[in-house]
Amino acid sequence: QVQLVESGGGLVQAGGSLRLSCAASGPTFNSYTTGWFRQAPGKEREFVAAISSSGTTTYYADYVKGRFAISRDNVKNMVYLQMNSLKHEDTAVYYCGRGGYSGSVYESRRYDLWGQGTQVTVSS
């Protein structure tokens with residue numbers, strides 16, 4: 001059974017950095033686009049970044065572009081989200097998701113498997 005496990009969240013001051021990791025079990029993980037989404041209290045889950053199965057194409061939300069970088073290591077079955085210049089409004093639970101083969105990478109309904117999430121808190 002394929003599972004996704006996020007890690008790397010924590011408490012950081014504004015302007016600081018964190019690196020999130022998404023570890024996947026299962027031999028076919030590198031066949032899927034993988035995305036990072038986040039959800040703040042009282043808000044809907046929103047797109048952050050995504051990366052194609054090969055890692056050659058990346059996608060970013062405007063509000064993280066230039067600050068966050070997504071990458072993957074298909075040998076290790078890992079996807080990473082490097083977050084720099086963090087802002088208070090980046091505070092949320094961050095989830096990685098396995099993307100299916102239809103729909104927009106920017107929309108959560110494309111993703112058919114999610115991890116449990118990791119909390120990121122940015123103090124202002």
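Residue numbers run from 1 in the order of the sequence given.
- In this structure, the side chain to side chain contact (heavy atoms under 4.5 Å, CB included) partners of Thr121, at least two apart in sequence or on a different chain, are Leu11, Thr91, Gln119.
- Linking ILVMFWY side-chain heavy atoms closer than 4.5 Å, directly or via other members, places Val48 and Val79 in a single hydrophobic cluster.
- Residues Ile70 and Val64 fall within the same hydrophobic cluster, defined by Ile, Leu, Val, Met, Phe, Trp and Tyr side chains chained together at heavy-atom separations under 4.5 Å.
- Asn74 contributes no side-chain N or O that, together with a main-chain N or O of Asn77, makes up a donor-acceptor pair within less than 3.5 Å.
- Between Asp90 and Lys87, no side-chain nitrogen of the basic residue sits less than 4.0 Å from a carboxylate oxygen of the acidic one, so the salt-bridge criterion is not met.
- No side-chain heavy atom of Thr118 sits less than 4.5 Å from a side-chain heavy atom of Val93.
- For the pair Ile51 and Thr33, the minimum side-chain heavy-atom distance is 4.5 Å or more.
- Val105 and Leu81 fall into different hydrophobic clusters, defined by Ile, Leu, Val, Met, Phe, Trp and Tyr side-chain heavy atoms under 4.5 Å apart, directly or through other members.
- Rounding to the nearest 0.5 Å gives a distance of 13.0 Å between CZ of Arg38 and OH of Tyr95.
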Stepwise side chain to side chain contact (heavy atoms under 4.5 Å, CB included) test for Leu4 and Cys96: CA-CA 7 Å; Leu4 303 178; Cys96 68; 3.8 Å; yes

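- Using a distance-only test at 3.5 Å, with no hydrogens or angles considered, a donor-acceptor pair links the side chain of Arg110 to the main chain of Gly100.
- The closest donor-acceptor contact from the side chain of Glu6 to the backbone of Gly117 lies under 3.5 Å.
- When atom types are taken as modelled, the side chain of His88 and the backbone of Ser123 share no donor-acceptor pair closer than 3.5 angstrom.
- Residues satisfying the side chain to side chain contact (heavy atoms under 4.5 Å, CB included) criterion with Thr56, sequence neighbours excluded, are Ser52, Ser54.
- Side-chain contact check for Asn84 and Ser17: at least one donor-acceptor pair (N or O, by modelled atom type) lies under 3.5 Å.
- Contact of the Arg72 side chain with the Thr34 side chain is registered, since non-hydrogen atoms from C-beta on lie closer than 4.5 Å.
- The closest side-chain heavy-atom distance from Tyr94 to Met83 is below 4.5 Å.
- Rounded to the nearest 0.5 angstrom, Arg67 CZ and Gln82 CD are separated by 12.0 Å.
- Pairs of residues two or more places apart, or lying in two chains, that qualify as ring-ring contact (aromatic ring centres under 6.0 Å, His included) and include a residue from residues 35-81 are Phe37-Phe47, Phe37-Tyr111, Phe37-Trp114, Phe47-Tyr106, Tyr59-Tyr106.
- With hydrophobic clusters built from ILVMFWY side chains whose heavy atoms lie under 4.5 angstrom apart, Val12 shares a cluster with Leu20.
- For the ring-ring contact (aromatic ring centres under 6.0 Å, His included) condition, the pairs that include at least one residue of residues 15-34, sequence neighbours left out, are Tyr32-Tyr101.
- Here Ala40 pairs with Lys43, Ala92 under the side chain to side chain contact (heavy atoms under 4.5 Å, CB included) rule; sequence neighbours left out.
- Distance check, rounded to the nearest 0.5 Å: OG of Ser108 to CD of Glu44 gives 8.5 Å.
- With a 4.5 Å cut-off on side-chain heavy atoms, Asn30 and Ser53 do not count as touching.
- For Asp112, the salt bridge (Lys or Arg N to Asp or Glu O under 4.0 Å) partners two or more places apart in sequence, or in a different chain, are Arg98.
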